[in-house]
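Every heavy atom of this structure was used, including side-chain atoms; hydrogens, water molecules and symmetry mates were not. Counting starts at 1 for both ligands and their atoms, in listed order.
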Amino acid sequence: MRRFVIFLLTAALLLTCGCAGPAGDGEDWEDDLIVVGVSQVGAESDWRVANSESIKAVFTEENGYRLLFEDAKQQQENQISAIRKFIQQKVDYIILMPISETGWDSVLQEARDAGIPVILVDRMIETEDDSLYTAHIGSDFREEAEMAVSWMEETYGTEPVNIIHLQGTLGSTAQIGRTAGLEDAVARHSNWTILTQLDGDFTQAKAYEVMCQYLAQERGVDIQVVYCENDNEAYGAIEALEEYGYTCGPEGVSVISFDATRTCLTLCLEQKIALAVECNPLLGELAEETIQTLEAGDTPEKHTYVEESCFTWQELTQEQIEARPY
Ligand code: GZL
Ligand code: ZN
């Protein structure tokens with residue numbers, strides 16, 4: 001009887017440690033689908049949701065793909081473990097939307113050593129070795145900031161401009177570029193002042209919270225512009241401003257927002273948002289084209305930047321807003 005119990009325990013141990021069964025070092029994909037592992041930042045904003053939908057819409061089985069989609073819930077360590085999992089699963093390609101610019105070298109070296117091309121979508125990474133990624137598809141965030149700065153110059157001229165700066169996820173390329181564009185412009189305009197920089201982390205809840213804290217301690221402070229680094233921050237900021245007695249609009253505070261999703265454009269048409277700077281989340285097709293280029297044995301562009309514009313209420317119509325895909 002004792003021998004039988006030992007046998008059972010050993011078998012149980014072998015099965016749980018995973019070294020029983022096939023090689024145990026990853027899947028052997030039977031079908032001829034192209035296996036794509038996607039590590040997404042999270043679902044922090046409307047932009048992010050639209051970005052995820054654009055990826056899922058194109059990497060489908062009928063298009064010849066098996067999509068492995070991992071949501072990192074805005075934690076870099078979850079993205080790093082997702083990449084390691086994709087390597088174990090022997091995917092054909094990895095698509096990474098990096099939450100921040102730093103901290104990627106070692107895990108991307110592991111992907112390169114495994115012979116898996118990495119395509120960066122949306123934000124960029126900071127690395128000395130750009131062979132760690134095959135291609136990058138995203139936005140020029142400095143360019144976006146320049147559109148906002150030009151609007152501020154045209155609107156305020158030489159008048160004093162007091163600015164509340166709501167930043168996005170600190171260390172993300174979108175935050176770095178949109179912040180640098182504003183800070184450089186403030187350095188060039190002696191009549192522009194940044195009253196405070198608050199971390200809104202690209203979410204409505206955080207933006208509302210930090211705005212209320214600031215407005216409670218600086219009651220009645222004179223504000224001309226609230227520069228929100230994405231739409232969801234703008235929604236939180238407007239809520240807080242109105243709670244503290246401010247009017248958002250041509251006669252009051254000018255709220256500037258980045259992304260220009262449908263909700264934002266509606267608020268812009270209602271003149272609650274003064275300027276909506278577009279940031280295009282529909283990057284799925286470009287990512288798929290990049291993979292098709294690689295499948296054909298060709299070399300894709302290292303960097304592809306999507307065209308973007310900006311909107312004020314004067315040139316918006318309800319029909320135009322409803323026709324927009326996000
Ligand atoms: C921009 C993207 C930003 C969006 C935010 O390309 O990285 O992250 O502006 C999103 O809405 O959270
Ligand atoms: Zn420019």
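- Checked by atom type, the side-chain pair Y156/S254 shows a donor-acceptor distance below 3.5 Å.
- Among protein heavy atoms, the minimum distance from atom 12 (O) of ligand 1 is reached at E44 OE2, 2.5 Å.
- Residue-ligand proximity, D122 to ligand 1, at heavy-atom distances under 4.0 Å covers atoms 1 (C), 2 (C), 6 (O), 7 (O).
- Note: an N/O pair closer than 3.5 Å links R48 and ligand 1 by distance alone.
- For the side-chain contact (heavy atoms from CB on, under 4.5 Å) with S257, the qualifying choice from C279, C264, C310 is C264, the only one to do so.
- Residues S54 and L283 come closest through the heavy atom pair OG-N, 3.3 Å.
- Heavy-atom proximity to F141, at under 4.0 Å, picks out these atoms of ligand 1: 1 (C), 6 (O).
- Using a 4.5 Å cut-off on side-chain heavy atoms (C-beta onward), V253 and Q224 make no contact.
- Heavy atoms of F258 found under 4.0 angstrom from ligand 1: none, in either backbone or side chain.
- Here R178 pairs with E144 in a salt bridge; the nearest charged N to carboxylate O distance falls below 4.0 Å.
- A distance of 13.0 Å separates CD in E183 from CH2 in W192, rounded to the nearest 0.5 Å.
- For the pair D122 and R48, the salt-bridge criterion is met [side-chain N within less than 4.0 Å of a carboxylate O].
- Only the side chain of C279 comes within contact range of ligand 1, with a heavy atom under 4.0 Å; no backbone atom does.
- Close N/O approach between N230 and ligand 1 is found [any backbone or side-chain N/O within under 3.5 Å].
- Interface atoms of ligand 1 facing S45, defined by a heavy-atom separation under 4.0 Å, are 5 (C), 10 (C), 11 (O), 12 (O).
- Proximity of R178 to ligand 1, defined as any heavy-atom pair under 4.0 Å, is confined to the side chain (atoms from C-beta onward).
- Ranking protein heavy atoms by distance to atom 9 (O) of ligand 1, first place goes to D259 OD1, 2.6 Å.
- Of the candidates M124, Q74, R123, M97, the one placing a heavy atom closest to atom 3 (C) of ligand 1 is R123.
- For ligand 1, the polar-atom distance check finds no N/O of N232 at less than 3.5 Å from any of the ligand's N/O atoms.
- Atom SG in C228 sits 7.0 Å away from atom CD1 in I238 (nearest 0.5 Å).
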